[in-house]
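Report on the structure given below.
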2 protein chains.
Amino acid sequence: MEALTIREAAQTTGWSARMLRYIERSGLVAPARSSAGYRLYGPAELQRLRTLKELLGRYEIGLSDVAFAARMATSAELRDDVAGWLAEKPSRPEHVSAQDWLRFEQDKHEKLLAAA
Amino acid sequence: MEALTIREAAQTTGWSARMLRYIERSGLVAPARSSAGYRLYGPAELQRLRTLKELLGRYEIGLSDVAFAARMATSAELRDDVAGWLAEKPSRPEHVSAQDWLRFEQDKHEKLLAAA
DNA sequence: CCAACATTACCACGAGAGTGTCAAGGTTGG
DNA sequence: CCAACCTTGACACTCTCGTGGTAATGTTGG
């Protein structure tokens with residue numbers, strides 16, 4: 001038997017057992033079940049859980065973000081509508097691409113402090 | 001001058017002035033500014049705000065979801081890593097929890113297409 | 001000049017995400 | 001048989017999201 005129980009899977013992936021259940025509930029990694037209902041994590045699930053952890057940490061994103069990406073990946077309609085909205089060029093306003101507004105806010109704050 | 005102030009923009013788009021500032025802060029719709037710092041909403045921004053409202057309502061998604069999509073659209077690295085994770089085959093697609101907001105049955109064929 | 005607008009900076013508050021812990025009960029292996 | 005595991009469900013806490021206010025202050029137009 002190569003499938004791990006939730007406790008073993010938790011230890012080898014770095015997630016807590018609680019989070020493994022939460023991740024399953026959000027539709028991201030759903031392990032098989034034994035006849036009695038026990039979760040059985042195979043090599044594929046374990047790998048997926050490790051790379052998920054890596055992904056979230058590297059980009060500072062959340063499970064809900066990945067869940068949304070999954071939803072876009074499975075619904076062409078959603079994906080196309082979102083892509084369509086993003087493609088609407090904001091004629092005038094340059095940039096502000098989600099990573100920049102932080103710096104924007106910070107600069108403003110510094111300016112206010114300097115003026116005081 | 002055809003640009004509207006935040007109050008006028010709020011009335012014609014259905015958002016509140018408060019939300020227009022919030023939307024700007026999340027990097028989705030950033031209007032131009034007057035020399036005194038007043039937000040100036042032009043036709044492009046107004047249209048964008050209306051379609052944004054439509055988009056959120058139609059799919060029951062949030063501003064943060066669209067903001068994340070925007071982040072993926074501007075970062076090839078993020079986009080590829082997320083897509084790569086989603087492409088890792090989930091050994092058995094089953095057990096998606098009772099209160100599931102996805103309509104898997106409807107999207108099944110699209111998932112097959114995306115995997116091709 | 002001044003009423004009506006704008007700006008930012010706060011306080012607040014319900015809802016959801018992300019976690020832990022505990023309870024009550026079923027399953028497993030030695 | 002029984003200790004150690006598993007299950008679901010619930011209480012709770014911290015953060016962020018999505019909103020609404022209010023206050024203090026600057027700007028605009030008639």
Side-chain angles (χ1 to χ4, degrees), chain A residues 1 3-41 49 52-53 55-57 60-71 98 101-102 104-116, chain B residues 1 3-41 49 52-53 55-57 59-71 95-101:
Chain A
M1 175 71 86
L4 304 188
T5 65
I6 195 171
R7 174 165 296 248
E8 297 164 327
Q11 289 180 335
T12 63
T13 60
W15 291 102
S16 64
R18 178 68 168 81
M19 280 310 293
L20 293 187
R21 297 196 184 93
Y22 185 71
I23 289 168
E24 178 178 7
R25 196 157 56 92
S26 47
L28 294 181
V29 177
R33 296 296 189 112
S34 74
S35 55
Y38 282 27
R39 291 175 180 78
L40 297 176
Y41 291 88
L49 287 170
L52 178 60
K53 199 177 187 64
L55 187 63
L56 298 194
E60 296 258 19
I61 62 182
L63 294 175
S64 55
D65 291 321
V66 182
F68 179 67
R71 200 178 156 194
W101 73 265
L102 275 174
F104 171 74
E105 290 293 313
Q106 192 175 0
D107 290 347
K108 209 167 39 183
H109 193 219
E110 287 168 0
K111 244 196 311 190
L112 288 176
L113 287 177
Chain B
M1 175 73 88
L4 304 187
T5 65
I6 196 171
R7 174 165 296 247
E8 298 164 329
Q11 289 180 335
T12 64
T13 61
W15 291 102
S16 65
R18 179 69 170 79
M19 281 309 293
L20 293 186
R21 297 197 184 93
Y22 183 72
I23 290 169
E24 177 178 9
R25 196 159 65 87
S26 41
L28 295 180
V29 176
R33 296 295 189 112
S34 74
S35 56
Y38 281 25
R39 291 174 180 79
L40 298 175
Y41 291 87
L49 287 170
L52 177 60
K53 199 178 187 64
L55 187 63
L56 298 194
Y59 297 102
E60 297 255 23
I61 62 182
L63 293 175
S64 54
D65 291 321
V66 181
F68 179 66
R71 201 177 155 195
H95 293 301
V96 201
S97 172
Q99 69 126 89
D100 189 1
W101 38 272

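What you are looking at is a predicted structure, and each value in this text was computed from that prediction instead of being measured. Below, chains carry the letters A, B, ... as their sequence lines are ordered, and counting in each starts from 1.
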*Atom CD of E24(A) and atom C1' of dG18(C): how far apart are they, to the nearest Å?*
17 Å
_Closest-nucleotide ordering on DNA chain C, the 5'-leading residue of S35(A) and M19(A)_ = M19(A)
*Rounded to the Å, how far apart are R39(A) CZ and dG26(C) P?*
17 Å
_Whole-Å distance separating the CZ atom of F68(A) from the P atom of dG16(C)_ = 17 Å
*d(OH, Y41(B); P, dC5(C)) in whole Å*: 17 Å
*For side chain to side chain contact (heavy atoms under 4.5 Å, CB included), just list the numbers for T12(A) and Y41(A), CA-CA rounded to whole Å, side-chain angles, deciding distance to a tenth of an Å, and then say yes or no.*
CA-CA 11 Å; T12(A) 63; Y41(A) 291 88; over 6 Å; no
*Spacing of CD belonging to E24(B) relative to CG belonging to L49(B), to within rounding of 0.5 Å*: 10.5 Å
*Looking only at atom types and distance, does a side-chain atom of E8(B) sit under 3.5 Å from a main-chain N or O of T5(B), one as donor and one as acceptor?*
yes
*Choosing from dC6(D), dT27(D), dA6(C), which nucleotide comes nearest the side chain of I6(B)?*
dA6(C)
*Check the distance between dG18(C)'s P and L20(A)'s CG and give it to me in whole angstrom.*
14 Å
_hbond_proxy Y38(B) side chain to dG26(D) base (donor-acceptor, 3.5 Å cutoff)_ = yes
*asked:* Nearest to the side chain of R21(A), heavy atoms from C-beta on, is which of dG18(C), dT7(D), dG20(C)?
replied: dT7(D)
_Could you tell me how far apart D65(A) (CG) and dG16(C) (P) are, to the nearest whole angstrom?_
17 Å
*Considering non-hydrogen atoms only, spot the tightest contact between R71(B) and E60(A) and give its length.*
NH1-O, 4.2 Å
*Report the residue (S34(A) or S16(A)) whose heavy-atom-nearest nucleotide on DNA chain C is the more 5′ of the two.*
S16(A)
*R33(A) side chain: which of dT7(D), dT27(D), dC17(D) is closest?*
dT7(D)
*Separation of L28(A) atom CG from dA17(C) atom P, in whole Å?*
12 Å
_side chain to side chain contact (heavy atoms under 4.5 Å, CB included) evaluation trace for T13(A) with K53(A)_ = CA-CA 8 Å; T13(A) 60; K53(A) 199 177 187 64; over 6 Å; no
*Rounded to the Å, how far apart are R18(A) CZ and dT19(C) P?*
10 Å
_Can you tell me if S64(A) touches the phosphate of dA17(C), counting only side-chain N or O atoms and a distance under 4.0 Å to OP1 or OP2?_
no
*Choose from dA6(C), dT19(D), dA17(C) the nucleotide whose nearest atom is closest to any side-chain atom of Y22(B).*
dT19(D)
